[in-house]
Amino acid sequence: MTWAFVIGLSAGAYALKALGLLVLPRLSMVGRAAPLVAFLPAALLMALVVVGTFELDGSISVDARLLGVVAAAVAALLRAPIVVVIVIAPTITALVRLL
Amino acid sequence: MPRPEETPEVQSLRTHLAVAGPIGLAVAAFGVTFGVLAVASGVTISQTIALSLFTFTGASQFAAIGVLAGGGTPLAAMTGALLLGARNAVYGLTVADIARGGALRRLLAAHLVIDESTAVATAQANIADARRGFWVTGILVGTTWNIGTAIGALFGQAIGDPAALGLDAAFPAAFLALVVPRLRQRPELVAGVIGGAVALVLIPVTPPGIPILAATAAVIPAWLTSDRARR
């Protein structure tokens with residue numbers, strides 16, 4: 001890896017973040033889309049849940065992660081404290097992998 | 001139970017730390033993994049540490065070293081990593097309200113726009129909590145990610161695999177914990193279910209990063225089921 005690559009990747013990654021946070025909100029087109037933006041968190045978060053649960057090297061893998069995440073989902077639906085929801089998933093996943 | 005001597009600000013910080021703490025620990029473990037893998041695939045220790053400090057978006061960093069280690073060209077590595085980072089632009093738009101203050105503060109806020117800080121910020125009921133949640137999570141995760149990376153890069157091969165500890169399951173669980181309260185409203189449930197389904201279907205057929213970007217299309221059916229659309 002060259003230093004030019006490190007600098008280019010860092011600059012590109014930062015530009016994307018700044019585009020969304022600092023530039024796009026100033027465009028009037030985006031202002032009119034505000035009612036849609038309100039639903040972005042739910043869509044993005046569920047996509048992250050799905051990718052984090054099933055993605056492995058570019059394909060779908062049903063493995064010990066799923067049991068951990070299901071346990072976390074049950075805890076969340078029972079309104080367990082958020083720390084419990086987060087900690088229960090790796091605990092179950094690690095136990096399943098031990099078996 | 002709130003303690004009498006605590007201001008609402010201190011209580012709010014305590015709440016955010018309770019969420020960000022476990023996320024920060026899991027991020028540290030993956031920072032170690034990144035440091036180990038980067039050095040093992042031929043990246044120098046100083047470049048590895050620089051990537052975590054300045055690129056600071058874990059998935060893109062893993063993608064870049066993965067493509068290069070697999071014999072891909074720098075252009076292919078850069079393209080894949082930046083496609084993966086494009087979701088940060090959507091995140092930035094989602095949390096745009098937290099970027100108040102001086103220029104320096106806003107430029108630093110942009111650097112901290114990542115999965116975890118966005119997730120915690122958008123889970124809050126009001127703007128003040130969203131702002132605190134964003135900064136607490138962004139700074140904590142930034143710190144643990146970089147400490148982890150340095151440990152992995154420097155002490156490398158002696159360290160175990162975080163997947164064996166089940167830590168890879170901590171991330172979806174954290175995002176789940178943050179999204180579940182939202183799903184009690186119908187339009188948001190529609191956004192979540194369709195967004196998740198779109199991402200799942202696209203995982204095997206698109207490059208990494210695209211499933212999450214494409215899931216944003218779920219805001220349209222969500223809006224169509226909301227009261228605003230019916231009026």
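Order of the sequence lines fixes the chain letters, A, B, ..., with proteins taken first and strands second; residue numbering starts at 1 for each chain. Quick caveat, the model's predicted, so the values are computed rather than measured.
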Segment of B/Ala109 engaging chain A (4.5 angstrom heavy-atom cut-off): both

Which answer fits A/Phe5, side chain, backbone, both or neither, if we ask what part of it has an atom under 4.5 Å from a heavy atom of chain B? both

Beyond-backbone contact of A/Lys17 with B/Leu112, side-chain heavy atoms, under 4.5 angstrom: no

Strictly below 4.0 Å, N to O, side chains only: are B/Arg87 and B/Asp115 in salt-bridge contact? yes

A/Ser10, A/Ala94, A/Ala76: which one forms the most heavy-atom pairs within less than 4.5 Å of chain B? A/Ser10

For a 4.5 angstrom cut-off between non-hydrogen side-chain atoms, does A/Ile60 reach A/Glu55? no

Counting only heavy atoms closer than 4.5 Å, note whether A/Leu67 contacts chain B via side chain, backbone, both or neither. neither

Side chain, backbone, both or neither: which part of A/Leu22 has a non-hydrogen atom closer than 4.5 Å to chain B? side chain

For the interface with chain A, which of B/Thr44, B/Val205, B/Leu200 has the highest count of heavy-atom pairs at distances below 4.5 Å? B/Leu200

Find the one option among A/Val50, A/Thr53, A/Val84, A/Ile7 whose heavy-atom pairs under 4.5 Å with chain B are most numerous. A/Val50

Counting heavy-atom pairs under 4.5 Å with chain A, which one of B/Met78, B/Arg106, B/Arg182, B/Gln47 comes out on top? B/Gln47

Which bit of A/Ala38 comes within less than 4.5 Å of chain B, counting heavy atoms only: side chain, backbone, both or neither? backbone

Using heavy-atom distances under 4.5 Å, tell me whether A/Ala18 contacts chain B through its side chain, its backbone, both, or neither. both

Would a 4.5 Å heavy-atom cut-off, applied to side chains only, mark B/Leu93 and A/Pro25 as touching? yes

A/Thr91 versus chain B, the contacting section by heavy-atom distance below 4.5 Å: neither

